[in-house]
Amino acid sequence: MFKCLESSEELLDLFSQSLSIKEPEEFTKAARQIKDRVTMAAAFRLSMKPKVSDNMTHLMVDFSEEMKMILTLKFLPVPKAPEIDPADCIVADNCVTVAWRMPEEDNKIDHYVLEYRKTNHDGLPRVKDERCWEMIDHIKGSEYTIAGLKFDSKYMNFRVRACNKAVAGEYSDPFTLETKALMFSFDNTSSHLNLKVEESCVEWDPTGGKSQENKVKGKENKGRSGTPSPKRTSVISRPATVRGSRDRFTGESYTVLGDTAIESGQHYWEVKAQKDCKSYSVGITHKSIGKFDQMGKTNTSWCLYVNNWLQTTFAAKHNNKAKALDMTVPDRIGIYIDFDGGQLAFYNADTKQLLYSFKTKFTQPVIPGFMVWCGGITLYTGLQVPSAVKTLQKSENGMGGSSSSLTSAVQ
């Protein structure tokens with residue numbers, strides 16, 4: 001067929017060229033050649049027969065070389081799901097270490113992917129939960145430590161999967177670790193009017209009380225005539241207190257309490273003061289503290305007191321007695337309480353150096369308390385009791401305490 005088409009193309013070229021011949025003899029010769037070739041072309045067409053085979057091998061493409069190359073490829077298997085080892089998982093110092101192993105040896109594993117999420121669900125781990133999984137990728141070993149966590153939930157779920165160079169395997173069964181820690185904020189309803197309170201920060205505001213007083217006076221004076229009413233008295237009735245609430249601190253008690261009472265167990269939180277803070281106190285108190293009472297000046301409150309006004313004062317205070325502390329005030333103070341053991345201790349949060357400890361017997365729930373004047377403090381909760389503090393407490397208990405001068409007033 002291809003040769004036939006090629007011959008026809010040559011015939012057309014010959015015909016095109018003959019049209020430009022001017023000599024009669026040459027033109028006649030060319031016409032005779034065209035006639036003969038056209039006649040032969042028809043005879044050639046009659047001699048053509050189609051070529052057909054049963055298996056159509058002449059139309060097949062040879063992939064034999066490609067097939068040899070495919071057979072030489074080695075495909076990686078999908079990794080099996082790892083198994084988390086509960087015995088090697090550790091929760092301490094707001095860090096979580098998760099360890100796992102493969103059900104069988106697999107030297108093709110390239111790395112692991114660890115996912116975790118916080119939850120308050122106390123049942124079996126659920127694949128679907130109200131919080132999304134957070135991912136840590138490209139883990140080369142078979143364990144990983146997540147540090148610097150804030151334990152603001154009761155539990156954490158974990159799952160892990162193995163990956164090779166080609167594909168990621170299935171996740172392990174979810175595993176749950178308990179991550180309990182004391183979580184609380186400032187109780188804005190208890191704060192002195194001169195304190196500006198946010199969830200984890202409180203600052204001294206010298207205009208707070210005055211602006212509030214002006215609002216109250218404005219309401220009282222509204223509609224008042226020049227002539228006093230004979231029925232008006234000098235005593236202003238006080239609205240009924242909502243059940244369960246308490247009076248705001250007032251006078252010179254620039255205090256705010258925490259919003260959570262402690263009734264049992266061991267707990268820890270930290271406080272950091274602003275560099276320009278003139279005076280502050282951190283500690284605990286009974287709920288019954290009066291609105292004019294100051295931290296450390298009653299027999300139901302215990303605190304560390306820092307005063308940077310004119311000269312620095314650093315002391316432990318209880319029942320209006322103070323014990324001067326001959327040490328540098330740390331940037332961040334850790335507060336530890338063992339309610340059942342009757343222990344309250346203060347630490348340098350960075351070095352875990354013991355600053356002072358009280359030994360007493362708590363007969364009713366206590367609340368974290370804070371005093372701030374001319375400055376501000378930041379509160380850090382959701383912290384486990386540090387391992388170093390636990391060790392120091394065991395040593396401290398063995399030595400019989402370090403606050404005998406104030407303990408007698410507590411007993």
Side-chain angles (χ1 to χ4, degrees), residues 84-99 114-122 125 131 134 136 143-158 174-186 199-201 258-272 282-284 302 304 330-359 362 365-370 377-398:
I84 295 179
D85 190 355
D88 292 334
C89 295
I90 302 172
V91 180
D93 299 323
N94 284 81
C95 300
V96 176
T97 298
V98 183
L114 175 65
E115 294 188 357
Y116 67 94
R117 68 182 175 194
K118 299 177 180 180
T119 180
N120 288 313
H121 178 64
D122 57 358
R131 301 194 187 187
E134 296 187 52
I136 303 173
E143 72 172 38
Y144 190 84
T145 298
I146 308 173
L149 292 167
K150 182 178 182 179
F151 287 168
D152 51 1
S153 63
K154 295 180 180 179
Y155 307 95
M156 288 183 68
N157 295 151
F158 298 88
F175 180 70
T176 299
L177 289 172
E178 187 177 37
T179 56
K180 287 185 178 179
L182 180 65
M183 277 291 301
F184 68 91
S185 303
F186 293 117
E199 184 176 355
S200 59
C201 182
D259 61 2
T260 301
I262 299 173
E263 300 179 347
S264 63
Q266 300 178 34
H267 307 282
Y268 179 85
W269 62 96
E270 295 178 357
V271 170
K272 182 176 182 179
V282 294
I284 59 172
W302 303 258
L304 277 193
D331 294 332
R332 190 158 165 164
I333 297 175
I335 301 95
Y336 164 81
I337 180 173
D338 179 0
F339 186 91
D340 303 308
Q343 187 86 2
L344 174 66
F346 300 89
Y347 289 88
N348 182 324
D350 297 322
T351 65
K352 299 301 182 288
Q353 174 194 6
L354 177 63
L355 303 175
Y356 197 82
S357 66
F358 293 97
K359 185 69 177 177
F362 299 114
V366 295
I367 303 175
F370 312 85
I377 60 174
T378 302
L379 173 66
Y380 301 88
T381 64
L383 304 175
Q384 285 188 307
V385 179
S387 300
V389 170
K390 291 181 179 179
T391 302
L392 288 169
Q393 279 302 310
K394 290 180 181 179
S395 174
E396 179 73 12
N397 292 336

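Nothing here was measured: the structure is a model prediction, and the numbers come from that model. Side-chain atoms are counted along with the backbone in the values below, which use heavy atoms only and exclude waters and symmetry mates.
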List the atom of [X], the atom of [Y], and the distance in Å for their closest heavy-atom pair.
| X | Y | result |
| --- | --- | --- |
| D340 | G265 | OD2-N, 3.0 Å |
| C89 | V98 | SG-CA, 3.9 Å |
| G258 | F370 | N-CE1, 4.3 Å |
| P330 | L355 | CG-CD1, 3.8 Å |
| M156 | F151 | SD-CE2, 4.3 Å |
| G334 | Y268 | CA-OH, 3.5 Å |

Nearest 0.5 angstrom please: [X] [atom1] to [Y] [atom2], how far?
| X | Y | atom1 | atom2 | answer |
| --- | --- | --- | --- | --- |
| L344 | K359 | CG | NZ | 11.0 Å |
| L304 | I335 | CG | CD1 | 8.0 Å |
| H121 | T176 | NE2 | OG1 | 8.0 Å |
| E115 | N157 | CD | CG | 11.5 Å |
| K154 | M183 | NZ | CE | 13.0 Å |
| T260 | I262 | OG1 | CD1 | 8.0 Å |

Quiz item: Hey, would you say the W302 and F346 ring centroids sit under 6.0 Å apart?
Solution: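 Not close enough - the centres of the two rings lie 6.0 Å or further apart.
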Taking the side chain from [X] and the backbone from [Y], do they hold a donor-acceptor pair closer than 3.5 Å?
| X | Y | result |
| --- | --- | --- |
| T179 | S153 | yes |
| Q384 | D93 | yes |
| N94 | G148 | no |
| D338 | Q266 | no |
| D259 | S185 | yes |

What I'd like to find out is whether the side chain of [X] reaches to under 4.5 Å of the side chain of [Y], using heavy atoms alone.
| X | Y | result |
| --- | --- | --- |
| I90 | L177 | no |
| I146 | L114 | yes |
| K118 | E134 | no |
| L383 | E270 | yes |
| Y347 | Q393 | yes |

Exercise. Applying side chain to side chain contact (heavy atoms under 4.5 Å, CB included), run through K352 and V389 and close with a yes or a no.
Key: CA-CA 7 Å; K352 299 301 182 288; V389 170; 3.9 Å; yes
Quiz item: Can you tell me if CG on D85 sees more than 12 non-hydrogen neighbours from other groups inside 6.0 Å?
Solution: yes
Exercise. Report the C-alpha distance between E178 and V91 in whole Å, list the side-chain angles of each, state the deciding distance to 0.1 Å, and finish with yes or no for side chain to side chain contact (heavy atoms under 4.5 Å, CB included).
Key: CA-CA 8 Å; E178 187 177 37; V91 180; over 6 Å; no
Practice problem: Check the pair Y116, I136 against side chain to side chain contact (heavy atoms under 4.5 Å, CB included), reporting the backbone distance first and the verdict last. | Solution: CA-CA 9 Å; Y116 67 94; I136 303 173; 3.9 Å; yes
Quiz item: What do the steps show when you test I337 against W269 for side chain to side chain contact (heavy atoms under 4.5 Å, CB included), and what is the final call?
Solution: CA-CA 9 Å; I337 180 173; W269 62 96; 3.8 Å; yes
